[in-house]
Number of protein chains: 2
Amino acid sequence: MNERASGRQADSEQQLRRATMRDVAALSGVSIKTVSRVINGVATVSDELRDRVHKAIAQLDFQPNLAASSLRRTDGATRQIALLLEDVANPFSATLSRAVENVAREHGTLVFAGSLDEDPRRELELVRAATLHRVDGIIIAPAAPDHGYLHREIRTGTPVVFVDRPPRGLAADAVLCTNTEGAREAVLHLADHGHTEIAFLGDEQTISTVSERVAGYRAALAERGLPERPGRVVRDLPSPETAARAVGALLDSEHPPTALFTAQNLVTIGAIHALQERGLHERIAVVGFDDFPMADLLVPRVSVVAQDVLEIGTLAVRRLFERIAGGGAEPREFRVPTTLIPRGSGEISPPA
Amino acid sequence: MNERASGRQADSEQQLRRATMRDVAALSGVSIKTVSRVINGVATVSDELRDRVHKAIAQLDFQPNLAASSLRRTDGATRQIALLLEDVANPFSATLSRAVENVAREHGTLVFAGSLDEDPRRELELVRAATLHRVDGIIIAPAAPDHGYLHREIRTGTPVVFVDRPPRGLAADAVLCTNTEGAREAVLHLADHGHTEIAFLGDEQTISTVSERVAGYRAALAERGLPERPGRVVRDLPSPETAARAVGALLDSEHPPTALFTAQNLVTIGAIHALQERGLHERIAVVGFDDFPMADLLVPRVSVVAQDVLEIGTLAVRRLFERIAGGGAEPREFRVPTTLIPRGSGEISPPA
DNA sequence: CTGTTAGCGCGTTCAA
DNA sequence: TTGAACGCGCTAACAG
């Protein structure tokens with residue numbers, strides 16, 4: 001009765017049964033409910049009983065079963081949230097993950113991390129897995145084109161906060177960066193260093209993100225009275241390799257640009273590769289959207305418009321916990337400002 | 001009865017109660033147990049009842065409560081594991097995290113990710129949190145100096161697999177890389193390019209990791225009949241800044257090295273910074289332990305001994321699921337081989 | 001301040 | 001093939 005019929009042990013030792021509240025109650029000679037009170041820090045327990053219970057807990061190494069507890073509890077909180085990102089291995093997602101963990105820790109809650117890989121089906125799967133586990137809330141950098149399906153989760157008490165990309169077909173909180181303003185600032189920066197021939201290179205992850213950045217690019221050109229030449233806006237570059245090829249094509253065109261605004265991380269990296277291969281990395285100006293590790297070790301150092309990823313994550317998770325606590329405010333969109341970091345590549349002048 | 005007294009809704013709509021098996025049973029006119037059988041794919045249910053149940057499930061959007069289920073089921077599996085890493089935001093941890101997620105997904109289980117920050121107390125906290133949630137298993141890149149406290153968890157049925165660093169004071173599975181052989185190969189590589197004055201720079205995260213790498217360094221020197229000059233082994237470099245200073249000191253010393261073996265990521269980056277500042281990055285050879293993003297965009301490209309992080313993570317998580325399934329084999333240490341990647345910085349010859 | 005009863009949502013046991 | 005009773009570990013509502 002103190003062991004289980006299982007082959008799980010690593011050696012020949014018997015597998016131990018975990019102590020329950022009943023065991024603690026029996027050992028300390030109180031009722032199970034008194035143990036519960038002690039565990040939950042309810043004040044109405046005499047010092048003597050509390051001591052006895054604590055001793056029994058220590059002796060048995062009792063660890064309360066959180067799942068059983070939240071099953072019974074009125075608020076039903078499970079003290080776990082889900083964080084669904086593009087890919088936990090990329091620096092943006094990884095940093096976001098850390099920010100969320102830091103705040104979740106203050107709330108005594110654990111974080112499920114999952115990768116969507118830009119796959120809407122994967123998004124559905126992971127959201128479903130999260131609700132099966134009855135997470136207290138979800139933070140999501142979405143891949144799906146429509147999020148109406150989340151309405152049901154929100155209505156049944158699982159708040160959802162979007163990061164990086166806004167919800168579609170659903171009213172929900174979102175924490176985004178200032179895509180348009182950031183892109184505009186980058187392109188103005190290039191223009192102010194004398195460039196009139198500036199190309200835009202972007203990926204196609206989310207139409208909203210890319211289109212906001214294109215809008216910023218165009219706004220900057222318009223502000224400086226620069227024309228947008230045909231073929232200067234290249235999108236749909238899913239990898240550094242395709243980005244490198246696109247840069248090659250631009251440079252080989254009739255009117256090659258003298259500056260590049262690369263609207264995403266991997267695109268920036270691909271562009272730098274292409275420029276290095278042609279020996280043009282000291283002649284063509286580059287400003288990238290999103291900072292990346294090592295950007296200040298390259299030659300030239302890479303100027304970027306940086307997102308404050310920690311701030312985005314922190315805002316998102318704080319908002320989520322407000323919702324979990326019962327905040328019934330209207331859904332809101334938060335915008336975290338970007339910062340231009342001049343390091344060298346964006347300050348290259350055009351050829352005289 | 002179909003709503004809850006809670007302020008959680010985002011707008012003025014009523015909060016919905018989640019459907020339970022009881023609701024499904026009532027709507028489809030069968031017993032709760034039959035619903036349970038359908039959910040769990042037990043064959044002994046007539047087609048007609050199964051259909052009725054499926055319809056009711058769809059109509060009510062019923063999602064079984066995994067926690068309640070595992071509370072009752074014999075194996076007690078919760079379909080969640082914990083992954084405790086140095087810092088989910090660093091590339092090594094992030095890649096490991098992705099490998100674990102990929103395999104966990106095949107097993108229908110979610111992954112809690114947590115950061116230890118080299119803090120033993122944090123390790124205890126997170127392991128405790130994981131057991132409170134009754135995770136099915138734990139993968140850990142440990143920070144604590146002793147892991148005896150985990151013996152109890154393993155005995156109560158929570159298997160633990162170590163990654164990157166071995167357990168101490170505990171017999172448990174571990175997946176590590178070939179630190180000694182990798183370091184040896186790096187230093188032999190430098191020696192074979194003509195270097196006789198090779199310095200070792202390392203951090204101090206784990207004595208075992210660093211000391212294995214030092215052992216490899218010394219083995220290589222011995223094999224080539226090279227003496228180890230005093231002061232050539234520098235450890236305890238926690239950051240790129242301290243590493244950069246250490247490189248400066250070495251270069252200013254009486255017998256400056258002509259090649260550096262940097263035994264950890266951040267140390268490598270700090271060393272490159274220092275060399276760049278002195279304009280020596282094309283003259284002093286460098287081989288780093290651990291690959292890092294952008295290593296092939298720097299000038300010169302950085303030669304490294306790379307760990308196969310995906311393989312380490314995959315092995316670890318596979319082993320964990322074997323344990324969860326009840327594999328009672330002896331604890332084992334797996335070693336994943338490293339790979340030397342020559343890119344330029346390690347092939348610089350010493351001055352004639 | 002303490003204990004008793006009931007039941008969260010579900011799987012198991014066993015009888016029909 | 002189906003269902004009733006029971007209990008997993010815990011907390012809520014009430015009684016004393």
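Proteins come first, then strands; the chains are lettered A, B, ... in the order of their sequence lines, and each starts at number 1. Side chains are part of it too, since the values below use all heavy atoms of this structure and drop only hydrogens, waters and symmetry mates.
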**Report entry** Over all atoms of both residues, closest heavy-atom pair of B/Ala67 and A/Ala67
**Finding:** CB-CB, 4.0 Å

Query raised in the report: Can you find a side-chain donor-acceptor pair between B/Gln80 and A/His133 that sits under 3.5 Å?
Result: yes

Requested in this report: Please find the earliest and latest nucleotides of DNA chain C, in the 5' to 3' direction, that have an atom within less than 4.0 Å of any heavy atom of chain A.
Outcome: C/dC1 to C/dG9

Requested in this report: May I ask you to evaluate whether A/Thr20 reaches the phosphate of D/dG9, defined as a side-chain N or O under 4.0 Å from OP1 or OP2?
Outcome: no

Query - B/Arg72 CZ - D/dA5 C1' separation (whole Å) - result: 11 Å

Report task. Rounded off to whole Å, could you give me the CG-to-C1' distance for the A/Asp23 and D/dC10 pair? Result -> 13 Å

Requested in this report: Please figure out whether B/Asn65 or B/Arg37 has its closest DNA chain C nucleotide nearer the 5' end.
Outcome: B/Asn65

Query raised in the report: Which comes earlier along DNA chain D counting from the 5' end, the contact point of A/Ala19 or that of B/Gly29, where each point is its nearest nucleotide?
Result: B/Gly29

Report summary line: A/His147 and A/Pro166 have their tightest heavy-atom pair at CE1-O, 4.0 Å

Query raised in the report: Has A/Arg79 got more than 12 heavy atoms of other residues, nucleotides or ligands less than 6.0 Å from its CZ?
Result: no

Query raised in the report: Rounded to whole angstroms, how far apart are CZ on A/Arg73 and C1' on D/dC10?
Result: 9 Å

Report task. Using modelled atom types only, decide if a donor and an acceptor are shared between the side chain of A/Glu123 and the backbone of A/Pro142 within a distance under 3.5 Å. Result -> no

Report task. For B/Gly76 and B/Asp136, work out which heavy atoms get closest and say how close. Result -> O-OD1, 4.3 Å

Requested in this report: Answer with base, sugar-phosphate or nothing: what part of the nucleic acid does A/Ser69 contact at a heavy-atom distance below 4.0 Å?
Outcome: sugar-phosphate

Requested in this report: With heavy atoms under 4.0 Å as the rule, sort A/Leu49 into base, sugar-phosphate or nothing.
Outcome: sugar-phosphate

**Report entry** Residue whose nearest DNA chain D nucleotide is more 5′ - A/Ser70 or A/Arg22
**Finding:** A/Arg22

Query raised in the report: Is any N or O donor-acceptor pair between the side chain of A/Lys33 and the base of D/dA12 shorter than 3.5 Å?
Result: yes

**Report entry** Whole-Å gap separating C1' (D/dA5) and CE (B/Met21)
**Finding:** 16 Å

Report task. Go through D/dA12, D/dC10, D/dC8 for me and flag the one nearest to the B/Leu71 side chain. Result -> D/dC8

Query raised in the report: For the pair made of CZ in B/Arg52 and C1' in D/dT1, what is the distance, rounded to whole Å?
Result: 13 Å

Query raised in the report: Do A/Arg98 side-chain atoms and B/Val88 backbone N/O form a donor-acceptor pair below 3.5 Å?
Result: no

Query - Protein-nucleotide distance (B/His133, atom NE2; D/dG9, atom P), rounded to Å - result: 18 Å

Report task. Grab the CZ-C1' distance between A/Arg18 and D/dG9 for me, whole Å please. Result -> 13 Å

